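Report on one structure; see the data block that follows.
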Amino acid sequence: MPWELRPESSVLLVIDMQNDFVREGFPMEVPMARSRLPAIRTLVHACRATGVPIVYTRHVLYDSFDVSPLETAYQPKLREVGMRDGTYGAEIVDELKPEPGEVVIRKHRYDAFHGTELDTVLGTLRGPRGVDTLIVTGTVTEVCCESTARSAFMRDYQVAFVSDATGALSDAAQEATLRTIGSFFGRVLDTSQVLAALR
């Protein structure tokens, strides 16, 4: 192992577990994300119990202007629907509702570091430079989770990518990302392994 997961220097990152991605029939539905809810909820509760901070992200788009024009070029339906600021669909699902004091990062790109305060938050959340490891969960595995994990690696964060707490658009996409992350950008762990480290 290139490094060990240490709870005292880790943060749990819950990426884009919003109603528009998780709920059945919603515009950006990812069924695998819905199936990952129990595992992510288990990790959230375990982190709260052990004092590991939790940071959530919300991908937000606007009706008033196209804040992510290349994203909408590849996904034209996003010009009309999905993750709209101020809507129920853009909110984090109730099963994972952030508690007071937990940080929620609003983002407009797949990479949660891009144009956000995430790096500053991580650099101070556990005291100056107290965080060296990100535990990555959420959706979409091959899009925002992978983009953020790669970006974390480039910033010298150790990435613990949770295989059964990330949800892709297909099994093939899930496995491809797990192979890539595990080979080059981090460690792929399952929920039980993370829980063991937290204990």
Side-chain angles (χ1 to χ4, degrees), residues 5-23 26 28 30 33-61 83-141 143-149 151-152 155 157-162 164-167 186 189 191 193-199:
L5 197 163
R6 296 179 299 123
E8 64 271 17
S9 59
S10 297
V11 164
L12 177 67
L13 193 56
V14 180
I15 297 177
D16 298 357
M17 289 297 286
Q18 299 160 257
N19 291 302
D20 273 343
F21 286 111
V22 176
R23 301 301 181 205
F26 276 57
M28 303 304 295
V30 182
R34 188 163 52 251
S35 75
R36 301 313 202 208
L37 268 174
I40 299 173
R41 190 168 52 231
T42 295
L43 290 171
V44 165
H45 291 323
C47 286
R48 286 173 179 159
T50 55
V52 173
I54 303 165
V55 175
Y56 299 82
T57 72
R58 293 173 57 238
H59 197 76
V60 176
L61 301 176
M83 303 164 301
R84 284 311 194 266
D85 189 37
T87 67
Y88 172 76
E91 295 302 318
I92 295 166
V93 295
D94 286 343
E95 294 91 330
L96 302 172
K97 186 175 181 179
E99 291 190 344
E102 292 177 339
V103 177
V104 180
I105 303 289
R106 175 190 293 244
K107 68 185 183 67
H108 308 298
R109 295 292 186 276
Y110 300 144
D111 172 8
F113 286 94
H114 182 83
T116 76
E117 69 270 34
L118 179 57
D119 206 19
T120 300
V121 167
L122 294 174
T124 55
L125 190 56
R126 306 200 78 161
R129 294 174 296 281
V131 174
D132 63 15
T133 302
L134 299 187
I135 304 166
V136 176
T137 67
T139 200
V140 176
T141 299
V143 187
C144 294
C145 296
E146 182 172 340
S147 297
T148 301
S151 193
R155 291 168 168 81
Y157 290 104
Q158 298 166 167
V159 173
F161 202 93
V162 190
D164 57 348
T166 48
L189 305 173
T191 297
Q193 290 173 299
V194 176
L195 293 174
L198 293 178
R199 287 194 290 269

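Note that the structure is predicted; figures quoted are calculated from it, not measured.
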Hey, does [Y] have a side-chain heavy atom less than 4.5 Å from the side chain of [X]?
X	Y	result
P98	I92	yes
R126	P53	yes
L122	F113	yes
M83	V60	no
D164	V162	yes

Going by side-chain contact (heavy atoms from CB on, under 4.5 Å), name the residues that satisfy it together with [X], two or more places apart in sequence or in a different chain.
X	value
R199	L195, A196
T50	V52, L198
S35	M32
N19	R23, F26, Y88, E91, V93

For a quick test of reading the model, state the closest non-hydrogen atom pair linking [X] to [Y] and the distance between them.
X	Y	value
A197	L5	CB-O, 3.9 Å
I105	A112	CG2-O, 4.4 Å
G167	V30	O-CG1, 3.9 Å
T166	R36	O-NE, 2.8 Å
S147	Y110	OG-CB, 3.7 Å

Which residues satisfy the salt bridge (Lys or Arg N to Asp or Glu O under 4.0 Å) test with [X], sequence neighbours excluded?
X	result
R34	E29
R48	E99, E102
R6	E8, D132

#### Entry: side chain to side chain donor-acceptor pair (under 3.5 Å) partners of E146, counting only residues at least two apart
R150, T177
### Message
Among residues at least two apart in sequence or on other chains, which ones pass side chain to side chain donor-acceptor pair (under 3.5 Å) with T148?
### Response
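Scan of T148 (side chain to side chain donor-acceptor pair (under 3.5 Å), adjacent residues dropped) gives none.
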### Query
Do T137 side-chain atoms and L13 backbone N/O form a donor-acceptor pair below 3.5 Å?
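It does hold such a pair.
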### Task
Please confirm whether the backbone N or O of V131 pairs with a side-chain atom of S9, one donor and one acceptor, at under 3.5 Å?
no
#### Entry: salt bridge (charged side-chain N to carboxylate O under 4.0 Å, His left out) contacts in which one or both residues fall within residues 104-123, not counting sequence neighbours
D16-K107, D85-R106, D119-R155
### Task
Would you please name every residue forming a ring pair (Phe, Tyr, Trp, His ring centres under 6.0 Å) with H108, sequence neighbours left out?
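For H108, the residues satisfying ring pair (Phe, Tyr, Trp, His ring centres under 6.0 Å) (neighbours in sequence not counted) are Y62.
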Anything under 3.5 Å between a donor and an acceptor, one on a side chain of residues 37-47, the other on a protein residue two or more places apart or in another chain? List them.
unit_1: T42; atom_1: OG1; unit_2: P38; atom_2: O; d: 2.9

